[in-house]
Number of protein chains: 2
Amino acid sequence: MRRSDTATQPKFRREPPDSRREALISATLASLSELGHEGLSVRRISAHAGVSMGLINHHFSGIDALVAAAYESLAARLLARSRDPALALVGEPLAALHVYFSASFAPQALDPAIFRTWLVFWSLVPHSPELRAVRERAGRETRVTLETLLSRLRRQPGVCPFKLGPARIGLSALMDGLWVELSLDPASFEPARAVSLCDDWVRALAAGAFPALRARAPGLSGSRTPRTSPAAS
Amino acid sequence: MRRSDTATQPKFRREPPDSRREALISATLASLSELGHEGLSVRRISAHAGVSMGLINHHFSGIDALVAAAYESLAARLLARSRDPALALVGEPLAALHVYFSASFAPQALDPAIFRTWLVFWSLVPHSPELRAVRERAGRETRVTLETLLSRLRRQPGVCPFKLGPARIGLSALMDGLWVELSLDPASFEPARAVSLCDDWVRALAAGAFPALRARAPGLSGSRTPRTSPAAS
DNA sequence: CGTGCTATTATGCGGTCGCATAATAAGCGG
DNA sequence: CCGCTTATTATGCGACCGCATAATAGCACG
């Protein structure tokens with residue numbers, strides 16, 4: 001019909017496995033972002049990808065493996081979007097953190113559809129070791145990114161030394177909380193407000209306004225440095 | 001069997017509708033906390049309540065109405081557990097906030113089962129106007145509680161005046177983010193750390209360490225006061 | 001132009017889902 | 001002790017679920 005009336009066009013295209021896997025991952029993310037948990041279905045995902053249902057069990061060991069792959073893909077993309085521009089500014093830690101915040105609260109990161117998808121992953125984490133492993137990997141990368149940015153700030157002159165780990169926990173929680181609230185109710189406040197709250201938090205940290213986060217030995221010590229060793233909690 | 005061999009005990013007990021409704025709500029919360037989304041099923045909930053499936057459709061208009069009622073019930077209970085002891089301390093705003101934080105990060109509030117349940121509600125909010133309304137009510141109550149506590153702090157002598165609304169947004173986000181992280185991975189840090197991070201945040205706020213939150217007119221003005229009018233954003 | 005490999009589709013099975021319907025029986029007022 | 005109200009159960013229906021199986025067909029290669 002589309003090509004010609006005499007030559008029947010092929011009913012489907014054979015794709016290399018990697019390309020098909022990627023397409024299925026994209027379809028999974030699209031389906032989850034549209035429908036939330038309702039979208040987590042072999043039939044819906046395959047329909048979204050324009051292929052038949054059986055392809056999922058052909059290219060993945062099951063729906064769980066596909067979801068884990070989709071989780072990993074989305075996490076990596078979101079992380080890179082805020083980390084890469086921030087880590088590029090090596091000279092000015094405060095500006096780098098501001099870039100990190102701005103990217104984290106950019107409109108594309110605040111899309112409620114992304115939050116819907118994320119909720120599905122969160123809800124699956126307690127039941128699936130595979131999902132839990134993905135989350136741990138993503139969490140570790142976020143930790144090293146944030147601790148790198150904070151440690152650069154700490155070694156700046158005039159900055160009151162602070163405990164790196166707990167500071168990262170607090171800042172990470174503040175960002176997550178702002179992101180959750182904005183995703184659940186985009187009208188509750190402006191994304192710029194979220195950025196300024198994070199900027200303020202970092203400034204207060206640098207000024208030593210958080211007593212419980214102050215490092216004991218003010219000058220040297222460097223109680224903890226970001227590390228890649230597996231001992232990170 | 002239990003009572004006597006001759007007198008057959010009744011096959012079921014007739015309960016007044018309100019009592020049965022409450023029992024079904026409890027069973028819903030129990031089922032959700034055990035199984036997450038998997039627990040959101042007429043059959044599972046009714047089995048948990050020890051009644052037959054049809055009772056849910058008899059006492060509620062459908063599964064959605066039951067879930068909304070369960071959401072409201074859990075939200076009210078959690079809110080009261082932290083609000084009531086905190087609002088009781090009228091004289092010392094900092095201590096009252098500390099009590100609020102401590103109650104919010106008490107072991108019973110950090111039960112991962114509660115988080116599983118909460119995730120189900122969050123994931124349903126975008127699809128159900130009824131759930132959205134419940135969330136808005138709960139959010140409003142949390143807002144007035146936090147703004148009451150913060151406004152008491154603000155009128156304390158020596159406290160740098162701050163914008164009430166944005167401050168509440170930041171503190172609320174910090175608490176939510178800490179709660180999410182602790183619920184997803186209870187081993188990531190100690191609940192006491194969460195409390196101290198919140199305490200520190202409030203102290204920094206009182207010390208004027210958050211530039212973007214400082215009120216323009218330092219002495220009077222009282223830019224905003226907690227209100228019950230429907231204009232609250 | 002075959003021919004084989006395998007990506008892809010089509011179909012079927014056992015299970016669970018929410019809900020509607022009809023039958024049942026508990027418990028109370030007479 | 002009886003009958004009425006209605007809370008409660010039992011059952012059935014259509015739809016969707018994940019997955020296994022077998023048939024189909026694209027397409028690279030000889």
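Keep in mind that this is a model prediction, so the values were computed, not measured. To find a chain, count down the sequence lines: A is the first, B the second, and so on, and within it residues start at 1.
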S.K.: Whole-Å distance between C:dC17 C1' and B:Asn57 CG?
M.R.: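 These atoms are roughly 12 Å apart.
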S.K.: Please report, rounded to the nearest Å, how far the C1' atom of D:dT9 is from the CG atom of B:Leu24.
M.R.: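 To the nearest whole Å, that distance equals 14 Å.
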S.K.: For nucleotides 10-15 of chain D, read 5' to 3', which letter fits each nucleotide if B means a protein heavy atom sits under 4.0 Å from the base, S means only the sugar-phosphate is that close, and - means neither?
M.R.: -BB---
S.K.: Could you tell me how far apart B:His59 (NE2) and D:dA7 (P) are, to the nearest whole angstrom?
M.R.: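 Checked: the NE2 to P distance equals 6 Å.
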S.K.: For A:Leu55, answer base if it contacts any base atom (sugar-phosphate contacts may also be present), sugar-phosphate if it contacts only those atoms, and nothing otherwise; contact means non-hydrogen atoms under 4.0 Å.
M.R.: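 Counting heavy atoms under 4.0 Å across all strands, the contact made by A:Leu55 includes a base.
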S.K.: Measure from the side chain of B:His58, starting at C-beta and using heavy atoms only, and say which of D:dT9, C:dG18, D:dT8 lies closest.
M.R.: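 Shortest atom-to-atom distance from the side chain points to D:dT8.
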S.K.: Just to verify, what does A:Arg193 make a salt bridge (charged side-chain N to carboxylate O under 4.0 Å, His left out) with, not counting sequence neighbours?
M.R.: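 Expected list: none.
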S.K.: Which nucleotides of nucleotides 22-30 of chain D have their base under 4.0 Å from a protein heavy atom (B), which only their sugar-phosphate (S), and which neither (-), written as one string 5' to 3'?
M.R.: ---BBS---
S.K.: Give a yes/no on whether any side-chain N or O of B:Ser41 is located under 4.0 angstrom from OP1 or OP2 of C:dG18.
M.R.: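 For C:dG18, OP1 or OP2 has a side-chain N or O of B:Ser41 closer than 4.0 Å.
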S.K.: Can you tell me how far P of D:dT8 sits from CD1 of B:Ile56, to the nearest Å?
M.R.: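 Distance, rounded to whole Å: 12 Å.
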S.K.: State, to 0.1 Å, how close A:Pro126 and B:Arg116 come at their nearest heavy-atom pair, and which atoms those are.
M.R.: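 Shortest heavy-atom contact: CB-NH1, 4.0 Å.
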S.K.: Which atom names give the shortest non-hydrogen contact between B:Arg152 and B:Leu87, and what distance separates them?
M.R.: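 Taking every non-hydrogen atom into account, NH1-O, 3.4 Å.
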S.K.: To check you understand the geometry: which heavy-atom pair defines the closest contact between B:Ala96 and B:Leu149, and what is its length?
M.R.: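 Residues B:Ala96 and B:Leu149, closest heavy atoms: CB-CD2, 3.9 Å.
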S.K.: Please round to the nearest 0.5 Å and tell me the distance separating atom OG of A:Ser196 and atom CZ of A:Phe101.
M.R.: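 Rounded to the nearest 0.5 Å, the OG-CZ separation comes out at 11.0 Å.
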S.K.: Is there a residue in residues 15-23 of chain A whose heavy atoms reach under 4.0 Å of DNA chain C, and which residues are they?
M.R.: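 Residues of residues 15-23 of chain A that come under 4.0 Å of DNA chain C are, in numerical order, A:Glu15, A:Arg20.
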S.K.: Rounded to the nearest Å, what distance is computed from the CG atom of residue B:Leu40 to the P atom of nucleotide D:dC16?
M.R.: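 For the pair B:Leu40 CG and D:dC16 P, the rounded distance is 18 Å.
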S.K.: Just how far, in rounded Å, is P of D:dG18 from CG of A:Asp64?
M.R.: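 Checked: the CG to P distance equals 10 Å.
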S.K.: Below 4.0 angstrom, N of the basic side chain to O of the carboxylate: do A:Arg20 and A:Glu22 qualify?
M.R.: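 A:Glu22 and A:Arg20: not salt-bridged.
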S.K.: Between B:Arg135 and A:Glu181, is the closest basic N to carboxylate O distance under 4.0 Å?
M.R.: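 Salt bridge: yes.
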S.K.: Can you check salt bridge (Lys or Arg N to Asp or Glu O under 4.0 Å) on A:Glu130 and A:Arg137, steps first, answer last?
M.R.: CA-CA 11 Å; A:Glu130 201 163 358; A:Arg137 265 198 300 277; over 6 Å; no
S.K.: Sequence neighbours left out, what pairs pass ring pair (Phe, Tyr, Trp, His ring centres under 6.0 Å) with at least one residue falling in residues 49-87 of chain A?
M.R.: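 Counting only pairs at least two positions apart or across chains, the ring pair (Phe, Tyr, Trp, His ring centres under 6.0 Å) contacts touching residues 49-87 of chain A are A:Tyr71-A:Trp118, A:Tyr71-A:Phe121.
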S.K.: In chain order, what residues pass the side-chain hydrogen bond (donor to acceptor under 3.5 Å, both in side chains) check against B:Arg81, with sequence neighbours excluded?
M.R.: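 Residues passing side-chain hydrogen bond (donor to acceptor under 3.5 Å, both in side chains) with B:Arg81: none at all.
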S.K.: Among B:Arg168, B:Arg83, B:Glu141, which residue satisfies the side chain to side chain contact (heavy atoms under 4.5 Å, CB included) criterion with B:Leu146?
M.R.: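 Among B:Arg168, B:Arg83, B:Glu141, the one that satisfies the side chain to side chain contact (heavy atoms under 4.5 Å, CB included) with B:Leu146 is B:Arg168.
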